Amino acid sequence: MNNTPHDTSTDAPHNTPHNTPHDTSTDAPHNTPTNTPASTHHNAPTAPLGLLSGKVILVTGAGRGIGAAAARLFAREGARVLLAARTEAQLKAVTEEIRAAGGTADHVVCDLGDATSVRAAVERTVELYGRLDAAFNNGATGVPPAPLDEVREEDFDRVCAVNLKGTWLAMAAEVKAIRATAGKGALVNTSSVGGLMGNPQLPAYGATKRAVDSLTLSAAVTYGPEGIRVNAIAPGTTLTEMLHDWEAESPGIIERLNADTPLRRAADPDEIAQAAAWLLSDRSSYVTGTVLRVDGGMLA
């Protein structure tokens, strides 16, 4: 993905005065005013525009992993970002890193399992930046790996409250904010390949991600006529803290997952963030209702 596309529409034109016809018999223009050299129009550099320049984007689950990588990437691509997650120390560290690199960022503590907290994060984005153009709903929680009959009820309830209800709460608030400010926009939800196949070790987690896919498709159909696009990404094996926790619980799982992946490796979080950035950008302007697998070919 080209991270700094050159916008040719902003190139300054060669302004030949209307009362001074151009002599096509020679490359040198006649009667060019001395205070406006023609060469300055051709040679003036045009600053490259980022993929997300001018956009205001909310990122949930932004304290670590894919969310933190996305916040950094979106800011590098010209967006103003608000980072949301439960752990303030992590949020503060990523926010300061973005600012040190010249980006625009702020953060808000947000628990996706709490409706008031989710709505407050969206409202804070508009309060800070005056609008909302897009959101990356990446926040999620995991559960200890276990077969379905061994999943604890409290773990099932928690993963549903955060991964499913939390995503629904965020999407509803974001749509309202986009309508009221930017008018049009884009949402991207983080799903998982674990929700696209049988998942014997993470059945509750996989079920919530499959449900997120359904929310994504329903929202795409509902809000497409308003110019609000909604898509999801389904990462494969990705080197996040959640994956390392799974490795600690089930030693060797990363190696086994990589063996099932044609690229024979796990993704870096930035590789997943790149897909989200494209879907939130105007370059994917005719893409909505898609669950994009970013899985190294695992489900090919």
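Predicted model only: the values in this text are computed from it and were never measured.
- By the 4.5 Å heavy-atom criterion applied to side chains, V94 and R64 are not counted as neighbours.
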query: Going through the checks in order, is the side chain to side chain contact (heavy atoms under 4.5 Å, CB included) test met by K184 and E226?
result: CA-CA 7 Å; K184 298 181 179 181; E226 300 179 44; over 6 Å; no
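- At a threshold of 4.5 Å between non-hydrogen side-chain atoms, the residues M242 and W246 do not count as touching.
- Following chains of ILVMFWY side-chain contacts shorter than 4.5 Å, one cannot reach Y223 starting from V188, and the two form parts of different hydrophobic clusters.
- In this structure, F74 and A276 approach most closely via the heavy-atom pair CZ-CB, 4.2 Å.
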Test side chain to side chain contact (heavy atoms under 4.5 Å, CB included) on T190 and I233; report intermediate values, then the result. CA-CA 5 Å; T190 298; I233 55 172; 4.2 Å; yes
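- Between the side chain of S281 and the main chain of W278, a donor-acceptor pair closer than 3.5 Å is present.
- Side chain of T222 to main chain of S218: a donor-acceptor pair is present (N/O by atom type, distance under 3.5 Å, no hydrogens or angles).
- Shortest non-hydrogen contact noted between A146 and P203 is O-CD, 3.2 Å.
- Note that CG of L58 and CZ of R80 are 13.5 Å apart. Values are rounded to the nearest 0.5 Å.
- A side-chain donor-acceptor contact under 3.5 Å links T60 to the backbone of N138.
- A salt bridge links E97 with R72: at least one charged nitrogen is closer than 4.0 Å to a carboxylate oxygen.
- Of the charged side-chain nitrogens involved, none lies within less than 4.0 Å of a carboxylate oxygen, so that K165 and D114 do not count as a salt-bridged pair.
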| field | Stepwise side chain to side chain contact (heavy atoms under 4.5 Å, CB included) test for D106 and Y129 | value | CA-CA 10 Å; D106 212 319; Y129 300 128; 3.8 Å; yes
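- A donor-acceptor contact shorter than 3.5 Å is absent between the side chain of T261 and the backbone of A259.
- Counting heavy atoms from C-beta on, the side chains of I57 and L280 come closer than 4.5 Å.
- Here the side chains of R265 and L239 are not in contact, with every heavy-atom distance at 4.5 Å or above.
- When hydrophobic clusters are built by joining Ile, Leu, Val, Met, Phe, Trp and Tyr residues whose side-chain heavy atoms come closer than 4.5 Å, directly or via intermediates, V287 is not grouped with L217.
- A distance of 12.5 Å separates OH in Y205 from SG in C160, rounded to the nearest 0.5 Å.
- In this structure, L196 is not a member of the same hydrophobic cluster as V212, with clusters built from ILVMFWY side-chain heavy atoms closer than 4.5 Å.
- V294 and L299 end up in different hydrophobic clusters when Ile, Leu, Val, Met, Phe, Trp and Tyr side chains are linked at under 4.5 Å.
- Inter-residue side-chain proximity for L82 and V59 is flagged as unmet; no heavy-atom pair is nearer than 4.5 Å.
- At least one side-chain heavy atom of D270 sits less than 4.5 Å from a side-chain heavy atom of Q274.
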**Asked** Please walk me through it: do L52 and K55 pass side chain to side chain contact (heavy atoms under 4.5 Å, CB included)?
**Response** CA-CA 6 Å; L52 300 168; K55 295 188 184 298; 4.1 Å; yes
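- Here the closest non-hydrogen pair linking V109 and R86 is CG1-O, 3.6 Å.
- Taken to the nearest 0.5 Å, the CG atom of L132 stands 14.0 Å off from the CZ atom of R124.
- Under a 3.5 Å cut-off, the side chain of E247 and the backbone N or O of G252 do form a donor-acceptor pair.
- We find the CG-CG distance between L215 and L164 to be 5.5 Å, quoted to the nearest 0.5 Å.
- R158 has a carboxylate O that lies under 4.0 Å from a charged side-chain N of D111, or vice versa, which qualifies the two as a salt bridge.
- Using a distance-only test at 3.5 Å, with no hydrogens or angles considered, no donor-acceptor pair links the side chain of N163 to the main chain of T208.
- Residue C110 comes nearest to S117 through the heavy atom pair CA-OG, 3.2 Å, listed as atom of the first residue, atom of the second, then distance.
- The side-chain contact (heavy atoms from CB on, under 4.5 Å) test with T95 singles out one residue from Q90, E88, H107, and that residue is H107.
- Summarising the local packing, CD of E153 is surrounded by 12 or fewer heavy atoms from other residues, nucleotides or ligands at distances under 6.0 Å.
- There is a side-chain donor-acceptor pair under 3.5 Å between S284 and R229.
- Residues V108 and A121 come closest through the heavy atom pair CG1-CB, 3.9 Å.
- Here the closest non-hydrogen pair linking N189 and T216 is ND2-OG1, 2.9 Å.
- Between the CG atom in N231 and the CG atom in L292 there is a gap of 8.0 Å [rounded to 0.5 Å].
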Walk me through it: do S191 and D213 pass the test side-chain hydrogen bond (donor to acceptor under 3.5 Å, both in side chains)? CA-CA 7 Å; S191 177; D213 294 344; 2.6 Å; yes
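- In this structure, V56 is not a member of the same hydrophobic cluster as L83, with clusters built from ILVMFWY side-chain heavy atoms closer than 4.5 Å.
- L202 contributes atom CG, which lies 11.5 Å from atom CG of L148 (distance to the nearest 0.5 angstrom).
- Counting heavy atoms from C-beta outward, I66 and F136 have side chains that approach closer than 4.5 Å.
- For T237 (side chain) and A266 (main-chain N/O), no donor-acceptor pair under 3.5 Å exists by modelled atom type.
- With a 4.5 Å cut-off on side-chain heavy atoms, L169 and R119 count as touching.
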